[in-house]
Number of protein chains: 2
Amino acid sequence: METKGARLEEWSQRIAEHGGRVTRPRRVVMQVLLEAETPLSPQEICTRARRRYPSLGLVTVYRTLDVLETLAVVRRVHREDGCHAYLPATPGHHHLLLCRRCGRAMEFSGWDALDGLIAELEAATGYRVEEHLLQLIGLCPRCYAQLKEGERG
Amino acid sequence: METKGARLEEWSQRIAEHGGRVTRPRRVVMQVLLEAETPLSPQEICTRARRRYPSLGLVTVYRTLDVLETLAVVRRVHREDGCHAYLPATPGHHHLLLCRRCGRAMEFSGWDALDGLIAELEAATGYRVEEHLLQLIGLCPRCYAQLKEGERG
DNA sequence: GCTGGAACTGAAAATCTTTTTCACTAAGGC
DNA sequence: GCCTTAGTGAAAAAGATTTTCAGTTCCAGC
Ligand SMILES: [Mn+2]
Ligand SMILES: [Mn+2]
Ligand SMILES: [Zn+2]
Ligand SMILES: [Zn+2]
């Protein structure tokens, strides 16, 4: 498993390669994202980042998220109650497993049995499928255990 | 296949059962949704509905969408460029097939080979999966044909 | 059919979120 | 270290959604 520091370094390099500058505000935003246990909204990112760098502007958070999204190192999470929370993205195509109780998110892949199903659907409908969005919502092991306990009393 | 009128009637009944009133503004919003070829934003719904009922307030569109979403007769579509377009939902659990060119959307179901895959994932991760969001994005047959034609000259 | 009262409506204002503008700052190649 | 230019933060603007409120309309009960 990759350390936080290594990923920060990696993201910084990606920004530089892309012709961008690695500034202090950007570094702080990246750190907050990398340390988060759950997806965070721009507002939440700003609040947390200001604990370390109080003069940070919310505008810069938005701009940094744009950059990171372009570089595909962060991903947006879609939920019924709002779709503007961001998560570090491991490279490549991934799906998301979300805990509805604690908010924890987990990426997974290597699961493209989905591909066979998509092929079937293409044959049946005439549609050409290019990409997909798959998110599973439920309970993480920890929250599931806690809820079962609660039921007992 | 169910007619538009029949579905309007059905939605109205659902509202009444739920203790709500079937008012003229609500009926107009429902009609617009039922006639749409693509998912529509609240703003778009309002514009179209005003052609028939000019005094309609945008607020009422928001409120009506809330009601219809609660009754699960409309569904929100999630896209990278925004997640606030609404679509009539056929009852039960469904997935979405979206055309990235013309915007047309198509629900599909009866496809829960996905269930087997979810069971595997639960075993592997310890997560308990309760619901999921699956949207496939690509080209509808019509748009695919047109694009291929365009390539030729 | 009327009527009374609660549900619903639209305008305006308030609130939130995101984008734009602009004068100033600081990365980082030289 | 210096220079250029990308990036920054404050403020304002633009957009989206929610709240408030006085007036209207639906419809259950007569
Ligand atoms: Mn996939
Ligand atoms: Mn399904
Ligand atoms: Zn979404
Ligand atoms: Zn199409």
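Each chain gets a letter, A, B and so on, in the order the sequences are listed, and its residues count up from 1. These values consider heavy atoms only, across backbone and side chains, with no hydrogens, waters or symmetry-generated copies.
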Identify the residue among A/Leu58, A/Leu56, A/Thr64, A/Val29 that makes a side-chain contact (heavy atoms from CB on, under 4.5 Å) with A/Ile45. A/Val29

Roughly, in whole Å, what's the span from CG in A/Leu58 to P in D/dG9? 10 Å

Please answer whether the main-chain N or O of B/Cys140 pairs with a side-chain N or O of A/Arg128 as donor and acceptor at a distance below 3.5 Å. no

Reported CG-to-CG distance for the pair B/Leu134 and A/Leu133, which is rounded to 0.5 angstrom: 7.5 Å

How would nucleotides 19-30 of chain D be written as a contact map, 5' to 3', with B for base contact, S for sugar-phosphate-only contact and - for no contact, using protein heavy atoms under 4.0 Å? BB----BBS---

Would you mind telling me which of C/dG10, D/dG7, D/dG9 lies closest to the side-chain atoms of A/Arg26? D/dG7

Donor-acceptor pair, distance only, cut-off 3.5 Å: does the side chain of A/Glu44 make one with the backbone of A/Ser41? yes

Any chance CZ of B/Arg52 has more than 12 other-residue heavy atoms, nucleotides or ligands included, within less than 6.0 Å? yes

What integer distance in Å separates B/Gln43:CD from D/dG15:P? 11 Å

Using atom types as modelled and distance alone, determine if a side-chain donor or acceptor of A/Gln135 lies under 3.5 Å from a backbone N or O of B/His132. no

Nearest whole Å is fine: how far is D/dG7 C1' from A/Tyr53 OH? 11 Å

What is the distance from CG of A/Asp66 to P of C/dT18, rounded to the nearest Å? 11 Å

For residues A/Val73 and A/Pro88, determine if any side-chain heavy atom of one lies less than 4.5 Å from a side-chain heavy atom of the other. no

When rounded to whole Å, the CD to P distance for the pair A/Glu17 and C/dG29 reads 13 Å

What residues 68-88 of chain A contributes to the DNA chain C interface at heavy-atom separation below 4.0 Å is A/His84

Which residue lies more 5' along DNA chain C, comparing B/Gly19 with B/Thr60 via nearest heavy atoms: B/Gly19

Would A/Arg100 and B/Glu130 pass as an ion pair if we require N to O under 4.0 Å? yes

Please report, rounded to the nearest Å, how far the P atom of C/dT9 is from the OH atom of B/Tyr62. 16 Å

Please find the pair of heavy atoms, one from A/Leu121 and one from B/Leu97, that lie closest to each other, and give the distance. CD2-CD2, 3.8 Å

